[in-house]
There are 2 protein chains.
Amino acid sequence: MNQISNVGIYQFLAEPFHCDFTKHLFYGHLGNHLLNAADYHSDDRDFGMRYLMPIHKTWVLSRLVIEMNEMPLAYDQFYVETWVDSVIKFFTSRNFKITDGSDKVYGYGKSTWVMIDTDSRKPTNILDVKDGVILQYLETQKECPIDPVSRVNVKHQPQMVKTINTHYSDVDMNGHINSVKYMEHVLDLWDVNWYCKYHVQRMEIAYSAEAHGGDQLKLYVEEVNVTEFRVSIYKINNEKTDETEVCRSRVVFAENQS
Amino acid sequence: MNQISNVGIYQFLAEPFHCDFTKHLFYGHLGNHLLNAADYHSDDRDFGMRYLMPIHKTWVLSRLVIEMNEMPLAYDQFYVETWVDSVIKFFTSRNFKITDGSDKVYGYGKSTWVMIDTDSRKPTNILDVKDGVILQYLETQKECPIDPVSRVNVKHQPQMVKTINTHYSDVDMNGHINSVKYMEHVLDLWDVNWYCKYHVQRMEIAYSAEAHGGDQLKLYVEEVNVTEFRVSIYKINNEKTDETEVCRSRVVFAENQS
C-alpha cells in the first residue's frame, strides 16, 4: 500500500530575475519548474533520476506541451500539480496543472517521457524498476483538458533562420543539451518588439535526438499563420556533412491585452 | 523600532535542472539565487524593487564577487544569508554567506548596488527613500571574509574571442540584459572538457553600462595565468561604429579533486 498520493503538488515562486520585461515568468523557466516538479514527484515515489542514475537508467523527455491562460507575474506564488496517467512499456504520460493554490488555473501541461538505459542509450522497460512501482501511482481520473502534442509536421518550405553554437551552460546533469534551452532558443527567434504585442499561448516540443555541448544547431522556421509557427532544430555533426533533427516545436501566440 | 532582523536567510534547493554535467549547481544559477535573496531581503524591509518601481527608482547591480569552497550538488538544500553592511549616498554594500543551514559554509559573496532613478537613469540618494529606512537594517558585525572585487584592469593585449547576439530571454524586468547572463557568457568561453578538469573558485564582475535586447556583445579575454582570466564585454551600437564597455570580470579556476 502506498502512503503517498498519486498527485504531487509543488510550490514555486515567480522569481523576479526569472521574469521577462513584461514582468511575466519566462516560458523557459516555467518549463524548468515543470521538469523539476516531474523529478520531485518521481523522486518522492522512488522512480526519480536520483534512484535511476546509480542503476544506469534515466528519464528522457520526449514531448512537452504547455498551454497557458495566464502567466504568473513576478513574486506570484504558484503551484504545479503533476501526475502520471499512463505507462506503456518504455513510455509514461505525465500531466501538469498550474494554479495559484486556490481557484485560479494558470494553465496545463502534458508530457511524454521515455526511460532509457544510460549505457546503451536505448529505451528500457519501466516496469522492470522495482517491480513496476510506478503502477501504484497512476492517476487516471484527474482532468488535463488540453490537446496533446500534435504531429508537428513541417509542411511548407521551412526557412533556415539561425545557427547557434552550444556551450557548457547548455549541458545538463545527463550530459546533454537541456530540453528547456531549446524552448529558449525557439522563443528567442522573436524580438522584444514582438513580445510587446504577443505572448505565447501554447508551445509544443517533440524531441527526437540528443545534442551535446559543442554541437552546432540550425533553426528552421515555417510560418503557419500570423500567430502560429513551426520550428525545427537540427544538429550538425563535426564534419558538417550531416544534419540530424533534434526537436520540432510549434508555437501559438496570442495578442496581449492592452 | 524594527521587528525584523538585519540579516535575511533564504532557503534554496540546487534544482536538478540547474546543475551542470558534474552535478554541481551552475555558477550563473547561484548568482541568480543571490540576486533573488538580495531582492527578498530588501523587499521584506520595504526598500526592494517592488516598492521602488512605482516611485521610479530601482536597484542596479554594480559589482559582484562570489568565492566558493564548494558548490551545492543537485538536490542539496542550501541557505543564503544576506545583509547590507554600508550605505553611502547612491551605493550600498551587500554581503552573502552560503551555507547548508548548519556548519558547512559553501562560500561567500560581496556586492555593490546603486539606486537609480528609472526616468533619468541617474543615481539617486538612497537615504531619500522612506527617510533612510535602510539605515535601520545595517549589519556591520557579521563577517564576510573574502576580498572585495579587485580593480579588474585589463593589462595586456586582450584578445577578442567571441561575438554574441542578445535576445528576448536575455532581458530582465528592468528592460536590460540580465546581470547573470554575462556570467554565463563569460563561463561559456570554456568548454565541457575544461570543466572536467577545473571549476570556478572565484568570480568577480563589475558592471559599467547597461545593454538592451538586440545589442551585440564582444568578449575580450586576457589570460593572467593558467587558471586566471580577465574577460571584458563590450556592446556595439547599431551603426557598429562604437564599442562601449558593459562589464569586466575576473575568473579564477581551481583544479577538480579526482
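For clarity, every value in this text was computed on a predicted model and none was experimentally measured. All heavy atoms count here, side chains included; hydrogens, waters and symmetry mates do not. Note on naming: letters A, B, ... go to the chains in the order of the sequence lines (proteins, then strands), and numbering restarts at 1 for each one.
- At a threshold of 4.5 Å between non-hydrogen side-chain atoms, the residues B:Val192 and A:Val171 count as touching.
- A donor-acceptor contact closer than 3.5 angstrom links the side chains of A:Asn32 and B:His18.
- Contacts between A:Asp172 and chain B at a heavy-atom distance below 4.5 Å involve backbone atoms as well as side-chain atoms.
- Here B:Phe21 contributes atom CZ and A:Asn174 contributes atom CG; the two are 13.0 Å apart, rounded to the nearest 0.5 Å.
- Remark: the backbone N or O of A:Ser169 is paired with a side-chain donor or acceptor of B:Asp188 at under 3.5 angstrom.
- Only the side chain of B:Met53 has a heavy atom closer than 4.5 Å to any heavy atom of chain A.
- At least one side-chain heavy atom of B:Phe17 sits under 4.5 Å from a side-chain heavy atom of A:Met49.
- Within 6.0 Å of the CD atom in B:Gln159, the count of heavy atoms belonging to other residues, nucleotides or ligands does not exceed 12.
- For B:Tyr195, the part lying under 4.5 angstrom from a heavy atom of chain A is the side chain only.
- Here the straight-line distance linking atom CG of A:Asp20 with atom CG of B:Asp170 works out to 12.0 Å at 0.5 Å rounding.
- Residue with the most contacts toward chain B among A:Asp191, A:Leu187, A:Asn36, A:Asn193: A:Asn36 (heavy-atom pairs, distance under 4.5 Å).
- Using a 4.5 Å cut-off between heavy atoms, A:Asn178 touches chain B through its side chain atoms alone.
- Evaluated for a ring pair (Phe, Tyr, Trp, His ring centres under 6.0 Å) with B:Tyr168, the options A:Phe26, A:Trp194, A:Trp190 yield exactly one hit, A:Phe26.
- In summary, of the residues considered (B:Glu184, B:Lys162, B:His185), a side-chain hydrogen bond (donor to acceptor under 3.5 Å, both in side chains) with A:His167 occurs for B:Lys162 alone.
- For B:Met173 against A:Pro16, the heavy-atom pair with the smallest separation is CG-O, 3.6 Å.
- Using a 4.5 Å cut-off between heavy atoms, B:Tyr40 contacts chain A through its side chain alone, with no backbone atom that close.
- Contacts of B:Leu189 with chain A are absent, with no heavy-atom separation under 4.5 Å from either backbone or side chain.
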